Amino acid sequence: MYKQFDEILTRINDGKLWDFPGGVSPQGKKELSNTTDIDRLPLPKELYVTVKQHIGVEGHVEVEEGQQVLKGQLLTKSMNPFAVPVHAPTSGKIKSISPHVSAHPSGLPKLTITIEPDGLDKWTEMTPLSNYTELPKIKTVEAICSAGISGMGGAGFPTHIKASPKKDVEFLIINGVECEPYISSDDRLMREHAWQIRQGIDVLSHLLTPKKVIIAIEDNKPEAIKAMQVTCQEQDNYIVSPIPTKYPAGGEKQLIQVLTSREVPKQGLPVDVGVIMQNVGTCFAIADAVYTGKPLVERVVTLTGEALNAPRNVWALIGTPIEHLLKQADYQEKRQRNSKVIMGGPMMGFAVASEQVPVIKTTNCILVPADKELPEIGDEQPCIRCGACADACPASLLPQQLFWHSKAKELDKAQDYNLFDCIECGACAFVCPSEIPLVHYYRIAKSEIHNQELEKDQADKARERFEARKLRLVREQQEREEKHRKAAEARKQAMSSDKGDAKDKIAAALARAKAKKAAASDEAADASPEVTGKQDKVAAAVARAKAKREAAKQSTDSEATTDTAEQPVDKKDKVAAAVARAKAKREAAKQITDAEATTDTGEQPQDKKDKVAAAVARAKAKREAAKQSTAHQADATTNDMQQTDTDTSVQAEPTQPMSKQDKIAQAIAKAKAKRDAAKAQQQEQDEK
Amino acid sequence: MNFTRSSSPHHHIRRKTSEVMRMVIYAAVPGLMLQTWFFGWGAIVHLLLAVTTAVATEALFLELRKKDFEKAIKDFSAILTALLLAISIPPFAPWWISVLGTFFAIAIVKQLYGGLGFNLFNPAMAAYVMLLISFPVQMTNWTPPLELAQYSHGFVDAVYIIFTGFSAEGYSLAQLKTDIDGFTLATPLDSVKTELTMGKTLTESLQSSVFSDGLSIGWFWINCAYLLGGLVLIRTRVINWHIPGGMILGMLALSLIMYGVDSDVYSSPLFHLFNGGFMLGAFFIATDPVSASTTNRGRLIFGAGIGAWVYIIRTWGGYPDAIAFAVLVMNMAVPLIDYYTRPRTYGHYSEHKKSMKVAKSDKQP
């Protein structure tokens with residue numbers, strides 16, 4: 001049932017909370033590290049600031065290699081609302097901006113800014129917002145964002161987004177539960193900096209205007225509870241609520257269930273049930289950002305485990321390599337047969353890839369267990385269906401069924417059993433008597449499903465593209481055929497039906513020829529050999545231009561089918577230019593002929609015939625070439641449809657023979673033109 | 001330096017399958033001891049026979065399947081199966097009964113289905129049913145409690161009877177079944193069933209010498225011992241309360257109703273709960289995780305179903321006791337039960353959504 005605000009409040013005031021199903025009670029082991037104050041460490045030799053340390057998108061790198069930076073200087077920037085910037089954790093020189101092993105289970109390299117500290121630790125200029133209550137809220141949200149704050153408890157969700165929800169907030173829950181064994185960073189922070197945490201809560205409270213602020217702390221941290229109670233006593237709206245120690249009570253969904261009995265709907269957010277949750281460390285960082293203007297450049301990290309001689313909590317600069325922390329905590333290598341360092345707790349932490357892995361904003365613990373402390377898990381044995389996992393699952397899943405389906409790669413069935421509601425808390429694998437690494441199977445299944453979805457997306461897109469292309473090809477071919485048909489009809493009409501027109505054309509051609517001849521003879525009459533050469537050239541140029549134009553026409557047709565869009569355009573441009581040139585030339589030639597044609601009278605029938613014949617031959621050659629090229633194109637198109645993947649290579653083939661043919665046609669045309677020109681010349685000479 | 005990589009969680013509770021099995025075996029010891037006390041050493045002899053056969057069969061089959069049999073035997077599951085079968089069969093049944101039964105349980109019901117974790121049926125109970133159907137005479141030859149028997153018998157007698165059919169002193173099994181007055185004694189469940197069919201009332205039939213104060217001699221205490229062992233198992237979280245709870249509830253409900261209808265014809269709930277193999281069945285047999293339902297609600301239904309079937313077969317069926325049949329019948333229903341009793345996952349909540357809407361609409365005016 002969805003409990004109402006008043007009912008929840010009464011129960012919280014009475015200290016009567018709800019419970020979440022399942023859960024386990026591993027040994028706390030917090031006393032290893034929580035007895036001493038948070039320590040300061042000397043600067044490491046190098047700092048590796050990973051560019052993306054949160055859930056969202058990474059910013060754009062604003063600095064260059066070799067550049068000097070000050071502590072707190074902005075290293076990345078982005079306008080994207082899901083981006084969170086990173087800052088220089090100390091002053092020094094940017095040594096490199098390159099991929100570096102990441103604080104991720106995979107250890108895959110991620111873009112990282114390496115800073116060589118100069119030892120001065122000099123701060124950049126800071127702009128506090130001490131009067132934030134008088135400013136518009138957006139200014140404060142902006143300050144939180146530009147201080148690079150993302151959730152410091154677990155996943156690293158950008159804090160400024162959670163600080164500006166679009167729905168009403170009934171409860172602001174401050175998570176100081178810290179349910180994972182071994183970790184005590186929040187515990188120490190609350191004990192030592194309760195006041196500053198409260199300042200951060202004040203800021204959040206101002207932004208979110210919740211009806212009630214609940215500070216939830218597991219009851220195995222009495223000192224922290226006391227400290228928070230003392231600092232919050234003036235605030236009527238704040239209540240410190242000790243909650244029973246049970247793993248994973250600190251999980252966001254579980255804590256909401258414990259405090260309010262409400263459940264975050266599947267695929268929903270806590271704000272859907274009127275709750276916003278922030279970690280105590282995040283509150284501390286918010287207070288820093290708003291009251292002093294300090295960006296998030298360091299955090300409390302628990303160094304713990306029996307393989308460390310000096311386990312304790314330390315202030316670690318973001319980007320500090322594990323190596324440095326291990327040295328500071330006096331790591332005893334001989335206590336581990338196989339070196340193993342866990343970032344995070346024993347339940348949800350991951351084994352880091354190398355000692356160069358840097359501390360990031362979500363790193364709350366470095367756990368280095370001795371061999372006997374957390375023994376390696378033995379070989380997986382058959383599942384005996386005992387159901388201990390189902391009893392331990394805080395999300396009321398059926399881990400066995402998920403395991404069977406994940407192992408058998410029946411991913412749809414695994415999803416049917418709500419695989420994606422698994423929070424990977426590890427309670428099931430913790431209790432499994434057969435030592436089956438259940439969570440690992442779920443992770444594999446989840447990533448396989450993600451991959452499949454990705455592949456499916458890509459395949460869908462490819463299919464869409466392919467189908468669109470097929471349609472286009474068919475359409476283009478139809479268009480082409482239509483054009484050819486029309487052209488053929490037009491030709492037929494021109495040839496057969498309208499004889500007068502044909503005659504006209506012939507007459508026109510004759511007239512042109514005459515004019516040419518006349519011009520030639522005129523110029524010949526001038527008797528300068530140069531001019532004759534000119535005329536020859538003009539005629540040849542005209543012929544060439546025509547041939548070119550024809551070739552261009554054909555090639556334009558053929559190239560319409562090619563996929564690569566740029567080339568044909570380029571070619572077309574060239575062709576167009578050539579045509580233009582040719583036209584210009586022809587125009588020039590015409591003018592010359594026009595100018596001198598008036599004087600021309602004498603005509604030779606033989607010459608006429610010759611020209612007509614030549615024209616007919618040309619037309620035939622053209623038609624022939626066109627036919628052949630169409631055939632080639634048809635071939636090519638069918639090929640295309642069959643093998644789409646290699647369309648460019650297939651496409652490349654037909655263009656070659658085409659151009660050959662073009663060339664042949666061109667050559668024929670050229671030859672004919674030359675012959676004509678030669679004949680004309682001879683006739684002229686004969687006339688003379 | 002590169003570190004070892006492993007997947008979370010890195011922490012692990014230190015209770016392995018073998019420990020779970022061993023704890024079940026230990027919890028059965030009080031019951032086994034009382035059984036020996038009341039009915040002689042037969043159960044122990046059969047236990048030894050069955051365990052030997054179970055280990056040998058398991059080793060043979062795992063070797064044939066090219067698996068590591070040493071590790072598999074160390075999980076104690078085969079031994080537990082042998083134990084459950086051995087204490088279910090009559091103490092003086094011939095030796096080949098337990099050998100054949102155990103071989104059938106391990107080889108056919110367990111290994112041929114894929115070994116531990118893959119068997120559909122409870123191996124011990126499937127073997128029991130096979131034996132009961134194939135060898136009804138040997139499987140129903142229960143001797144009376146020692147205090148009622150005409151002839152006493154010790155460990156050596158037990159060995160002799162099991163292997164030769166006659167005790168060391170030469171008494172046959174039939175002779176051992178007679179009481180001091182020379183009458184052949186049946187088990188309490190048998191005797192009530194017979195007498196009721198002969199038209200006697202329940203009160204009259206409880207006058208038989210196998211009862212004292214309306215409770216079965218021996219059987220009552222044996223059931224109490226198994227109940228105790230079972231409670232220890234629940235306490236130590238080796239088993240969940242759901243299956244035994246459901247089974248007891250199912251039996252209670254049906255027997256109470258029928259007892260209320262006619263207490264002359266139908267036995268009391270107490271009689272049913274503390275007779276035959278009921279407590280053994282409830283806490284040790286039905287709770288076999290492999291062949292039982294895997295959800296808590298499902299386990300309740302599974303248990304209640306077994307309880308009801310036991311009552312039905314005991315009262316109206318052809319067999320005096322029915323744990324094995326009831327368990328097998330419900331084993332068959334497990335996939336169905338599991339399918340329909342999936343727990344509601346966090347955040348998947350139709351009712352939740354509805355009330356959320358109500359809450360919102362309340363807020364608006």
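In what follows, chains carry the letters A, B, and so on, assigned in the order in which the sequence lines appear, proteins first and then strands, with residues in each chain numbered from 1. These numbers were taken from a predicted model, which means no experiment stands behind them.
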Contacts with chain A made by residues 108-128 of chain B (heavy-atom distance under 4.5 Å), listed by residue number
B:L116, B:G117

All heavy atoms of A:S396 vs all of B:P343, minimum pair found to be O-CG, 3.5 Å

Between B:S18, B:P289, B:S6, which shows the greatest number of heavy-atom pairs under 4.5 Å with chain A?
B:P289

What distance separates B:S8 OG from A:R443 CZ, expressed to the nearest 0.5 Å?
3.5 Å

With rounding to the nearest 0.5 angstrom, report the CG to OG1 distance, A:D421 to B:T345.
5.5 Å

Tell me which of these, A:L397, A:V101, A:L398, has more heavy-atom pairs under 4.5 Å with chain B than the rest.
A:L398

Residue by residue, which of residues 427-436 of chain A have a heavy atom closer than 4.5 Å to a heavy atom belonging to chain B?
A:A429, A:F430, A:V431, A:C432, A:P433, A:S434, A:E435

A:Y417, part contacting chain B, at a heavy-atom distance under 4.5 Å
both

Can you tell which of A:V357, A:I342, A:I423 has the highest number of heavy-atom pairs within less than 4.5 Å of chain B?
A:I342

Let me know if A:P105 has heavy atoms under 4.5 Å from chain B in its side chain, its backbone, both or neither.
backbone

Does the side chain of B:N240 reach to within under 4.5 Å of the side chain of A:D391, using non-hydrogen atoms?
yes

So which atom in B:P9 and which in A:V439 form the shortest heavy-atom distance, rounded to 0.1 Å?
CD-CG2, 4.0 Å

Pick from A:P181, A:G268, A:A390, A:G349 with the largest number of heavy-atom pairs that fall under 4.5 Å of chain B
A:G349

What I'd like to find out is whether the side chain of A:Q401 reaches to under 4.5 Å of the side chain of B:R342, using heavy atoms alone.
no

Report, in residue-number order, which members of residues 362-374 of chain A are under 4.5 Å from chain B by heavy-atom distance.
A:K372, A:E373, A:L374

Heavy-atom proximity to chain A below 4.5 Å, by part of B:V290
both

Selection from A:P382, A:G426, A:G387, A:A395 maximising heavy-atom pairs under 4.5 Å formed with chain B:
A:A395

What are the two closest non-hydrogen atoms of A:C386 and B:R299, and how far apart are they?
O-NH2, 2.9 Å

Structural part of A:I384 lying under 4.5 Å from a heavy atom of chain B:
both

Can you check whether B:R344 reaches A:E263 side chain to side chain, under 4.5 Å on heavy atoms?
yes

Under the side chain to side chain donor-acceptor pair (under 3.5 Å) rule, what pairs show up with a residue in residues 377-386 of chain A, not counting sequence neighbours?
A:E380-A:K407, A:E380-A:Y441

What part of A:M348 lies closer than 4.5 angstrom to a heavy atom of chain B: side chain, backbone, both or neither?
backbone

